[in-house]
Amino acid sequence: MNAVIRGLTLAALTFSLMGAAQAQAGDVPAAQLKALQQKLSQRLPSLPPIESARSTPMSGLIELKVGNTVFYSDATGEYLIEGHILETRTQRDLTAERLEEINRVTFNNFPFQDAVVWKNGNGKRRLVVFADPNCGYCKQLERELQKVKDITVYTLLIPILGADSRAKAENIWCMKDRTSAWLDWMLENKAPARAFGQCATPLQRNLALAQRLGVNGTPAMFFEDGTRLAAAAPLATIEERLARAAGKSGR
């Protein structure tokens with residue numbers, strides 16, 4: 001983020017909502033949205049366009065949707081705040097809940113044909129993972145995923161860590177058994193054989209998709225309910241998220 005914006009942001013925002021006016025969240029009037037857009041675009045030209053604005057449970061605080069994230073401002077845009085609203089009574093992170101909502105995807109729209117696929121058990125639970133073959137956290141996650149029962153994992157390779165990552169991703173994809181090549185490398189550090197000849201890969205499509213979804217690092221997991229987890233996670237967390245996703249999708 002631009003240094004000017006950083007100067008106007010608060011790294012962590014915690015409000016007690018118990019004493020605040022309990023206004024329901026809703027879109028602000030069109031005239032107010034336009035005024036906020038104009039003022040902030042003039043004062044902070046490096047701030048991406050404000051797509052929408054709505055009230056929050058904190059009286060006088062406005063949520064601004066900017067791409068796949070949110071900021072907060074006062075009603076007139078004099079101040080811009082970056083951080084999370086915590087409801088102290090329930091310990092709910094209202095900002096995290098909102099980010100999950102606005103970044104939800106349609107799981108079945110993923111290009112499963114562009115993924116390295118493996119499954120355990122009946123494979124009824126599904127998970128999409130964006131991964132780089134040279135990402136240490138991706139290897140850590142892969143080891144945890146091996147412990148999950150009844151799962152199908154679709155790994156979309158995105159070589160974002162340099163030329164060697166691209167070479168490894170291409171070699172893995174071009175193997176006759178790309179699933180074995182992927183798991184051999186991620187679990188056993190057995191480098192994939194060099195692929196000879198031409199082989200069309202989905203790497204550029206995967207990278208473009210990652211950019212559209214705001215995936216800025218690896219690993220990034222997407223669950224069947226459309227939610228995401230942009231980090232490696234222990235088995236207990238993965239199981240909890242899979243169970244929650246299955247419940248929301250009615251599986």
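- Counting only distance, with no hydrogens or angles, the side chain of Thr95 and the backbone of Ile85 share a donor-acceptor pair below 3.5 Å.
- In this view, Asp150 satisfies the side-chain hydrogen bond (donor to acceptor under 3.5 Å, both in side chains) rule with no residue, not counting sequence neighbours.
- Using a 4.5 Å cut-off on side-chain heavy atoms (C-beta onward), Tyr72 and Thr56 make contact.
- The main-chain N or O of Phe71 is never found under 3.5 Å from a side-chain atom of Glu63 such that the two would form a donor-acceptor pair.
- Judged purely by distance below 3.5 Å, without hydrogens or angles, the side chains of Gln42 and Gln38 never pair a donor atom with an acceptor atom.
- Judged by distance alone, the side chain of Ser180 and the main-chain N or O of Asp177 form no donor-acceptor pair under 3.5 Å.
- A donor-acceptor pair is defined here as one N or O able to donate and one able to accept, closer than 3.5 Å; such a pair exists between the side chain of Glu224 and the backbone of Arg126.
- The side-chain hydrogen bond (donor to acceptor under 3.5 Å, both in side chains) test applied to Glu239 returns Arg125, not counting sequence neighbours.
- Between Glu144 and Lys147 there is a salt bridge, with a side-chain nitrogen of the basic residue lying less than 4.0 Å from a carboxylate oxygen of the acidic one.
- For the pair Leu209/Pro111, a side-chain contact is recorded, criterion being any heavy-atom separation below 4.5 Å from C-beta on.
- Between Arg228 and Glu100 there is no salt bridge, since no side-chain nitrogen of the basic residue lies less than 4.0 Å from a carboxylate oxygen of the acidic one.
- Qualifying side-chain hydrogen bond (donor to acceptor under 3.5 Å, both in side chains) partners for Glu97, counting only residues two or more places apart in sequence or in other chains: Arg92.
- Partners of Arg241 by side-chain hydrogen bond (donor to acceptor under 3.5 Å, both in side chains), not counting sequence neighbours, listed by chain and number: Thr227.
- Around CD of Glu188, the count of heavy atoms belonging to other residues, nucleotides or ligands within 6.0 Å does not exceed 12.
- Grouping Ile, Leu, Val, Met, Phe, Trp and Tyr residues whose side-chain heavy atoms lie under 4.5 Å apart, directly or via other members, leaves Tyr137 alone, with no other cluster members.
- Screening Gln146, Lys139, Gln140 against Glu142 for a side chain to side chain donor-acceptor pair (under 3.5 Å) leaves a single residue, Gln146.
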For this session: Take Asn171 and Arg166 through the test side-chain hydrogen bond (donor to acceptor under 3.5 Å, both in side chains) and record every step on the way to the result.
Result: CA-CA 8 Å; Asn171 290 339; Arg166 174 168 285 275; over 6 Å; no
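- Taking the side chain as every heavy atom from C-beta outward, Ser73 and Tyr79 never approach each other to under 4.5 Å.
- Residues that satisfy the ring pair (Phe, Tyr, Trp, His ring centres under 6.0 Å) test with Phe222, not counting sequence neighbours, are Phe110, Phe130.
- Within 6.0 Å of CG on Asn68 lie more than 12 heavy atoms contributed by other residues, nucleotides or ligands.
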